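Only one structure is covered here, and it is reproduced in the block below.
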Amino acid sequence: MEFLPWLILLSPLASAACILLFAHRSKALSVSLSLAAVLTALGATLALLASGPQTLASSIDWIHLGSALHLTIGLKVDALTRVMLLVVTGIGALVHIYSTVYMAEDEGKSRFFGSLSLFMFSMLGIVLADSLTMIFIFWELVGVSSFLLIGHWFTKESAAKAANKAFLTNRIGDFGFMSGILLVWAATGAVGFDAVQQNMAKLTANPALLTLAALCLFCGAVGKSAQVPLHVWLPDAMEGPTPVSALIHAATMVAAGVYMLARLFFLFAPSPDALTVIAAIGVVTALLAALMATQQDDIKRILAYSTLSQLGFMVAAIGCQAPGSAMFHLFTHAFFKALLFLGAGAVIHGLHHEQDIWKMGGLRKTMPKTFLTFAIGTLALTGAPFLAGFFSKDAILLAAYNKGPLFFFPLLLSAVLTAFYMTRLVVVAFFGEAYHPTGHGHPKDHGHDGPAAMTVPLLILAVLSVIAGYGFFAEPIFGHDLFHTAHSLATFSASGVLEYVDAPHVALVPMLAVGAFVLGTLGAWMLYSGKPKDPVRIPLFANRFYIDEAYAALIAGSQEMLASVSDWLDRYLIDGVLVRGIAGLTWGTGYALRLLQLGNIQGYAFIFGAGVVVLLFLLNK
Amino acid sequence: MSPVLFWAFTLLMLAFGASVVLNRNPVASALSLVGSFLCLAALFVGLDAFFIAVIQVLVYAGAVMVLFLFIIMLLDLKAEQRRRFNPVALVGGAAVSGAFVAFLLHVLKSFPAGSQAFPNLGVERLDDVRLVGFALFNHFNLPFQTVGVLVLVASIGVVVLSRRELK
Amino acid sequence: MQTLTLNHYLLASGLLFSLGCAGVMLRRNIITIFMCLELMLNAANLSLVAFSRFHVGADGLPNYNAQVLVFFIITVAAAEVAVGLAVIVALYRARQTTHVEDLQSLKF
Amino acid sequence: MLTTLLLVPIVTAIALLLGFGNRSWAKASALVQLALTLFVWSGYDQTQGGYQFVSSTEPLFAGLDLRFSLGVDGFSLLMLLLTGLVTVAAVWMSPKIEKRSNLFDGSVLLISAGAAGAFLAKDVFFMYAFHELALIPTFLLIGYWGSGERQNVAWKVTIFLAVGSIVLLAGLVDLYLAIPVALRSFDLQKLQEVAAQHVIPATAQVRPWLLLTAGFGILISLFPFHSWAAPAYASAPTPVAMLHSGVLKKFGLYGIIRLVVPFLPEAFKQPVWGNCTAQDLLLALLLCNILYIGLVTIAQRKLDYVIGYSSVMHMGYVFLGIASMNLIGLSGACLLMFSHGLSVAALFAVSGAIREREGSLNFERLGGAAKAVPYLAICFALATFASIGLPGFSNFASETLVFFGGFQTGASSFLKTSTILALWGVVISAVYMLRAYKAVFLGERTASAAKWSDLDGSARFALAALPLALLVAGFFPQYFLGYIKPTLEAALR
């Protein structure tokens, strides 16, 4: 049983290596290689889940410098890992199948599948990691694979720029993450999760250091899960092919941040103000992203902002001491968001790369299967009762309610907005008449459902997003204790142990949630049904609160200015003054001494004589 | 040697020296140089250095001055016409030589041995040439040989320098 | 006229030397400069001979080392004059002048 | 064994300089050198550590324990492996030279022989002498076959390195004289034992420390003395840039770890100016190296300048590892020397290849080259990700060690803050490297890029060896650290 986690981890790596080294010439081979890898990983995960909830752990040495430093590559499988493994390999497999069709005629196909396998390897690495450094290693590897996948069509200038932006923003997050690791290691002398948990006393002794380390580690999550300050890269990441957006920017990679926060919750729990900061950022992201999403016209951007908003929910849940509900929401969200993205991909594929929702319309009739699955996904996302989203979002709202009104009401408002913008999308894209480019005449051939390899994954995901919320399904996977924690608050008792106490059940919260759903859906329905053009224009939201422009001016601008100042400084001050200065000095003295060559003999004789006189005078004094 | 003779010859020597320096016509200055060499030789005789006196007359007055005159004739130098002289060089040169003289006086004043008279010789007839030859070929044999080589090199140098390029 | 002392000769030699030195610095004709140079050399010889006569050894003889040095000075002076004049001749043939101020080619 | 390893490049170089043979001779000699290095590498008994394969002559000068002795221990073996790999890549990637190509190849081999000799020498004198040997051909190569305003760059490099060597010589002499007379020796092994007894009193350590750090600093382009490095690598022909930035620059660090760390450990704590200790001074300089030069690199608009300045910037990390003066930091520094050498050599190889095809390297004229030269693009991508510290490559492993070293218990608070600031340097390096990669390889393909021919034949394997070695060292750093540990433990005793 020990070898299963290693098999899961290493098979995608093997396929990525084979593709990079020699399979990249033949496209079919590389596709089948990466598909086989992801299916073996899925199989191994299912076998692992079937084998019952015991935790496994095994590690090999990476760097071992005497007693001082012991870094290992180790795998740890417990309830939390099982959830993520299922999500990653499940959705990974579906996306692989889906992209065999979606990327059929792309000439960089082998490179695409190579980087997809590389991504699977690094994502599984994060999920299975057992120490801070190992999770950091795969953190950056995931960053690189998202760079490769976003920049897949690198000939497009915008795709290359988006890939760079994604990698750099992640890198800023990783900077915080690494400083957090260093702080934790400096205080506790250990890097493994269990080892750090054991000597938590050393950290809790110094609360200021603990908060600083916690916030630094949270920095990593902010970077990866695109929370407010570092969220700018996710919407641009839509430049990548749609399966990539579905897999990476909806279900798995962005969830890595939330998973890391849940995994390290024992570190965050003891410092209340770290938790409030996390909750605050979560709430702000949720609200901001929801507002922005209401005004976007590109179908993938709307889903991107919706992902941002849901991630805000999960981080807020962690902040409100409910890691269980955050993970539960992550679990359900992965399914219906992947479904929505793949649905959007089917629409784009059907309409020959048309992404603007106002140029769609009446797809209900022309793409029935896609419409059905998309509708289910939307309902699940917006929290329609008895669907997956409802249960997990309700748990988070409960935790937020428990935390305080300042956190509960913004989340409730973003729940309303979620319903609003999703219904807007569905109404505009799928209902109403087909879009006439010239307003009359025969509409261009208006979309068609994709082949089986596209629609089957959609159906599977639709089923999953319906049943994911129920206990009978979640429990065997979660293991009883994790499902129980999904609805409870975690508090860090004085004795240094994490306890899960049931959140006080307030009947008001579910009702408010349903009210939010109804309000949002009806509002959007009335506002948008039958409109050819967007009736309400709010430039502030449409331009994403001008954050991008602010960043471009502030950070990029100041960096360019700083760079050119230092370049000028280097060229003229150090190079000029120091180097040319000394060279000039020597040249100057040379020039001055040259004047001694008078040219006439008398001058020389005089200098001899004067020299002798001075010498005599000095000697005789 | 009586002081009168010494002063006579010294003043004569200095007069000839001054005329070498001040004279416009190179031949005149060459001849006055010869004059000063001869007075010097006389002084040497006064100092019982007969061999050196003879050499002085023979080599300097005889060979060197002849060479000078020969060159002056060869180059057919006219007396210098008045060129504008630049005052700085004049003042500079005078200052340095004045400094030498002042320094000389200063030193001689405080030079104890200077004021003693010459001790007279232990032997009345001084076969000067044998003694100089003895010193030269015993203690200073190596320098003597090198000087020989030096003279050889000088003569070769002269031949090379004055060879006219065969156009 | 008191009896002759060493100072007298040194004075004479010093004067002759500075005379020569003034000549070298003031005159602008190479031949004359060359002659003044000889003057300076002879001044040196005078003081050497004076010292040689002044230091009378135990055997009553003057110290002939100085005289040998004078002998060398004279030889070297002779060689120097020979080569010097050859140079002046070559110089004259090249520049048709012996006037010092015309020979400025080494000026900076 | 080691003498043959040293003689092969020297003899071939001389033969080439005299006009015999052609580039294939140079290639053969590079391969033989690499093969011998690998043979010595496998023959080296890691558990026993210390100097092996020692061969030495009698003392050359009476009274001085100075012999022509060759020997190799874990650390110098690692550097030799680096030299071997980079030399092979350099010779294969050097451009076609029309006139006097023998002279070109001979000088390149001389540089490599100088570097190998410096690492092989078990004697401080010959270590220094071989390094000087490597500097002479650099002037010739940059001056004659360089690009851009190569003449004054060649002069600038030579004068800078000469001054550096002189200051270094002063430092070595000062150190040699600071050792009590009875214990004086030129032999590195004996010096190691002498250093362990801490014979030099703390206050007396400051001056040699300053001189040696300044001397080595100039050779390694530490902050104030860095202005020669980037222009030199930019206008040098490809093999010279590879060998110089990849291998020769590591001699300075090798020297510091061999001499400064064992002999002058207390100097780091001694106040140098007011209450700022030597360590603070070094930390301040290396922070300038990382942050200031990092910013300067961002402003560059030519590929070879970006890579040149980036190699100057990465020296900051190695110095950080040295400044932390503990086993973790130092082993991080040594491993970083090895990995940075390989990654910067690969970067220069690709940039040289592009310059050979395009003629100019500034970003406006390049673009979308990935379509035209996919193999070069992949190698450049691998080297770029290695140099910005992507896990999986040994740069990341060594940088992690350096950062952990900086945070080890007992580190002064300034060391901790400078480690965090240095950590920010990783972001800066990501900015400029990815910008360079995007500008050259991504985006629309320029018309001229269409007719480029991709790398072919054996050059592919020579170039691919560098990223491959980085990956091997990245996945199994423990194997390489095993070689370095005995030397460092002896140095820190």
Side-chain angles (χ1 to χ4, degrees), chain A residues 20 24 61-66 68-69 71 73 122 133-134 136-141 143-144 147-148 151 154-157 159-161 163-164 167-168 170-172 174-175 178-179 181-183 185-186 189 191 559-560 562-571 574-576 578-579 582-583, chain D residues 156 159-160 223-228 292-300 326-328 331 368 370-371 378 385 388-392 396-397 400-401 403-409 411 416 419-420 423-424 426-428 430-432 434-435 437-438 441-445 475-478 481 485:
Chain A
L20 177 70
H24 57 272
D61 270 357
W62 187 49
I63 288 180
H64 186 60
L65 279 173
L69 188 67
L71 305 178
I73 298 284
S122 10
T133 42
M134 181 170 164
F136 181 76
I137 289 175
F138 289 102
W139 208 256
E140 294 220 8
L141 279 177
V144 168
F147 168 82
L148 291 173
F154 55 80
T155 43
K156 237 169 28 161
E157 188 59 26
K161 217 191 290 291
N164 263 7
F167 188 79
L168 289 180
N170 282 345
R171 210 48 189 305
I172 295 172
D174 296 352
F175 160 70
M178 189 56 173
S179 348
I181 293 176
L182 289 176
L183 286 173
W185 180 72
V191 178
Q559 180 183 281
E560 288 310 322
L562 218 60
S564 48
V565 158
S566 39
D567 182 45
W568 178 87
L569 210 66
D570 188 62
R571 183 164 300 137
I574 295 188
D575 203 15
L578 203 63
V579 173
I582 295 172
Chain D
K156 189 171 177 179
I159 293 171
F160 242 100
F223 169 64
F225 319 114
H226 64 281
S227 43
W228 64 275
Y292 168 72
I293 303 287
L295 286 172
V296 169
T297 327
I298 293 175
Q300 298 307 325
N326 50 42
L327 182 64
I328 305 175
S331 38
K371 275 276 186 299
I378 291 173
F385 283 126
I388 52 179
L390 177 76
F396 170 77
T400 325
L401 280 175
F403 294 138
F404 273 102
F407 254 78
Q408 196 170 22
T409 48
K416 284 188 178 148
T419 314
I420 295 290
L423 199 57
W424 177 254
V426 169
V427 177
I428 294 181
V431 167
Y432 62 70
L434 286 182
R435 178 197 296 249
Y437 181 67
K438 180 170 87 64
F441 288 100
L442 305 184
E444 292 79 16
R445 182 170 60 177
F475 276 92
F476 309 104
Q478 192 53 33
L481 287 179
K485 211 141 80 87

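What you are looking at is a predicted structure, and each value in this text was computed from that prediction instead of being measured. Residue numbers start from 1 in every chain, and the chains themselves are labelled A, B, ... in the order their sequence lines are given, proteins ahead of strands.
Using a distance-only test at 3.5 Å, with no hydrogens or angles considered, a donor-acceptor pair links the side chain of D:Y292 to the main chain of A:S566. In terms of modelled atom types and a separation under 3.5 Å, the side chain of D:Q300 and the main chain of D:V296 share a donor-acceptor contact.
The part of D:F160 that comes within reach of chain A is its side chain, from C-beta onward, which places non-hydrogen atoms under 4.5 angstrom from that chain. For chain A, the nearby part of D:L481 is the side chain; its heavy atoms alone come within less than 4.5 Å. Interface remark: D:I388 contributes backbone and side-chain atoms alike to the contact with chain A (heavy atom separation under 4.5 Å). Neither the backbone nor the side chain of A:I73 comes within contact range of chain D; no heavy atom of the residue lies under 4.5 Å from a heavy atom of that chain. Residue contact with chain A, scored on non-hydrogen atoms closer than 4.5 Å, involves the side chain of D:F385 exclusively. Interface residue A:W62: backbone and side-chain heavy atoms are both found under 4.5 Å from chain D. Heavy atoms of A:S122 lying under 4.5 Å from chain D are absent altogether.
Chosen from A:W185, A:F136, A:F154, A:W568, the residue pairing most often with chain D at heavy-atom distances under 4.5 Å is A:W185. The choice from D:V431, D:L327, D:V426 that makes the most heavy-atom pairs within less than 4.5 Å of chain A is D:V431. Contact tally against chain D (heavy-atom pairs below 4.5 Å) for A:V565, A:D570, A:L69, A:I137: the top residue is A:D570. Between chain D and the residues A:L182, A:I172, A:L65, A:L168, the largest count of heavy-atom pairs under 4.5 Å involves A:L182. Chain D forms the most heavy-atom pairs under 4.5 Å with one residue out of A:T133, A:D174, A:L141, and that residue is A:L141.
Note that the OG atom of A:S179 and the CH2 atom of D:W424 stand 10.0 Å from one another [nearest 0.5 Å]. If you take CH2 on A:W139 and CE on A:M178, they are separated by 14.0 Å, rounding to the nearest 0.5 Å. A distance of 6.5 Å separates CZ of D:F404 from CD1 of A:I181, quoted to the nearest 0.5 Å.
Neither side chain, A:D61 nor D:Q478, offers a donor N or O lying under 3.5 Å from an acceptor on the other.
Under the 4.5 Å side-chain criterion, counting only non-hydrogen atoms from C-beta, D:L390 is not in contact with D:F396. Side-chain contact check for A:D567 versus A:R571: some heavy-atom pair is nearer than 4.5 Å.
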